[in-house]
Amino acid sequence: MNADTLRAAGRWPLVGQLKGDPLARGRAAQSQASRELRPRTSQATSVVDSICPYCAVGCGQKVYVKGEKVVQIEGDPHSPISRGRLCPKGAASEGYVNSPLREYKAKYRRPHGLGWEELDLETASDMIADRVIEARRETWEDVDGEGRPLNRTRGIAFLGGATLDSEENYLIKKLFTAAGAVQIENQARI
């Protein structure tokens with residue numbers, strides 16, 4: 001805008017300062033474009049609490065969703081761990097969620113296979129469940145050599161991640177103990 005346009009519109013910054021914003025920190029310093037800006041979170045229809053997936057710290061996140069699409073991810077100010085702060089990776093996790101390069105299929109290479117094939121996630125999950133059940137059945141130990149009860153398998157194990165919270169670790173421990181596994185560990189303790 002040139003000076004004549006500003007004068008005609010009555011938007012000289014000095015005039016705005018004299019009309020009630022003497023330090024030019026409010027409306028006098030704003031352009032029309034900045035006055036029309038709205039936060040990305042204002043369009044969200046729901047907010048979901050989450051935990052950042054990147055490292056062992058477990059920072060709290062607020063995930064803003066509109067129409068089944070993540071529109072923004074910010075730090076959770078109520079998190080006792082991060083108190084609203086996120087590292088650069090956590091702050092950029094919305095880009096990861098909405099990336100056109102995001103994988104929605106599992107990569108699988110068959111035994112002695114030369115290449116990878118894509119499987120839908122349900123098929124991959126079913127294959128994992130079948131293999132856990134088979135390994136448990138094949139390696140189940142009812143009793144030891146002296147007839148004492150064991151009721152265990154050493155054919156399956158679990159290594160948890162450090163971003164799991166206490167409740168998730170508790171449930172995982174219960175699940176794998178009920179399945180008879182004795183090798184249950186968490187990365188945070190290693």
Side-chain angles (χ1 to χ4, degrees), residues 46-65 68-99 101-113 116-190:
S46 63
V47 181
V48 180
D49 291 333
S50 186
I51 296 174
C52 181
Y54 283 110
C55 73
V57 175
C59 296
Q61 291 183 323
K62 293 281 189 188
V63 180
Y64 295 86
V65 181
E68 300 296 317
K69 184 176 190 300
V70 174
V71 293
Q72 179 67 7
I73 296 177
E74 295 181 352
D76 182 357
H78 295 58
S79 168
I81 296 168
S82 56
R83 294 178 285 166
R85 298 180 202 78
L86 293 174
C87 72
K89 287 174 90 173
S93 55
E94 180 272 331
Y96 168 73
V97 170
N98 292 321
S99 172
L101 302 175
R102 183 174 177 182
E103 294 284 348
Y104 291 93
K105 296 191 179 270
K107 303 286 188 196
Y108 175 66
R109 190 172 69 196
R110 297 189 182 278
H112 310 290
W116 294 95
E117 60 185 272
E118 290 186 343
L119 299 176
D120 62 274
L121 297 178
E122 187 173 335
T123 300
S125 295
D126 288 344
M127 288 172 67
I128 292 168
D130 291 343
R131 289 172 184 189
V132 168
I133 292 167
E134 181 182 345
R136 181 180 184 270
R137 184 177 27 239
E138 289 178 4
T139 61
W140 186 255
E141 300 172 354
D142 280 322
V143 294
D144 66 9
E146 297 177 15
R148 293 177 293 208
L150 292 174
N151 296 325
R152 71 177 185 195
T153 178
R154 290 185 283 181
I156 57 174
F158 183 81
L159 175 62
T163 58
L164 298 173
D165 62 27
S166 296
E167 291 80 11
E168 290 167 319
N169 280 313
Y170 173 77
L171 292 172
I172 289 167
K173 172 71 171 151
K174 281 189 77 145
L175 170 70
F176 278 86
T177 300
V182 293
Q183 295 127 317
I184 306 167
E185 190 54 80
N186 190 288
Q187 171 229 335
R189 289 179 9 110
I190 296 177

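We find the CG-CD distance between N98 and Q72 to be 10.0 Å, quoted to the nearest 0.5 Å. Annotation: the span from I184 atom CD1 to K173 atom NZ amounts to 4.0 Å, rounded to 0.5 Å. Going from atom CG of D76 over to atom CD1 of I51 covers 10.0 Å, rounded to the nearest 0.5 Å. How far OG1 of T177 is from CZ of R152: 13.5 Å, rounded to the nearest 0.5 Å.
No side-chain donor-acceptor contact under 3.5 Å links R131 to the backbone of I128. Under the 3.5 Å distance criterion, the side-chain polar atoms of D49 are left unmatched by any main-chain donor or acceptor of G60.
Considering all non-hydrogen atoms of both residues, A106 and A124 come closest at CB-CB, 3.8 Å. Annotation for G58 and I81: closest pair O-CD1, 3.5 Å, computed over non-hydrogen atoms. In terms of heavy atoms, V143 sits closest to P149 at CG1-CA, 4.0 Å. The two residues A179 and I156 have their closest heavy-atom pair at CB-CD1, 4.3 Å. Across all their heavy atoms, A135 and T139 have their closest contact at O-OG1, 2.6 Å.
Proximity of E74 to Q61: side-chain heavy atoms (C-beta onward) are nowhere separated by under 4.5 Å. Looking at V182 and F176, their side chains never come closer than 4.5 Å, going by heavy atoms from C-beta outward.
R137 forms no cation-pi arrangement with W140, by the criterion of a distance under 6.0 Å to the ring centre and an angle within 45° of the ring axis.
Evaluation of the side chain to side chain donor-acceptor pair (under 3.5 Å) rule for R154 yields E141 as partners, not counting sequence neighbours. The side-chain contact (heavy atoms from CB on, under 4.5 Å) test applied to K174 returns Y170, not counting sequence neighbours. Remark: T123 engages L119, D120, M127 in a side-chain contact (heavy atoms from CB on, under 4.5 Å) (not counting sequence neighbours). Taking W116 as the reference, nothing meets the side chain to side chain donor-acceptor pair (under 3.5 Å) condition, with sequence neighbours excluded. In terms of the side chain to side chain donor-acceptor pair (under 3.5 Å) criterion, residue partners of N169 (sequence neighbours excluded) are, by chain and number, N186. The salt bridge (charged side-chain N to carboxylate O under 4.0 Å, His left out) search around K105 returns none, not counting sequence neighbours.
A 6.0 Å sphere centred on CZ of F158 holds more than 12 heavy atoms belonging to other residues, nucleotides or ligands.
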(request) In sequence, state the C-alpha distance, the side-chain angles, and the governing distance for N151 and D142, and then conclude on side chain to side chain contact (heavy atoms under 4.5 Å, CB included). (result) CA-CA 5 Å; N151 296 325; D142 280 322; 3.9 Å; yes
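Between K107 and E118 there is a salt bridge, since at least one side-chain N of the basic residue sits less than 4.0 Å from a carboxylate O of the acidic one.
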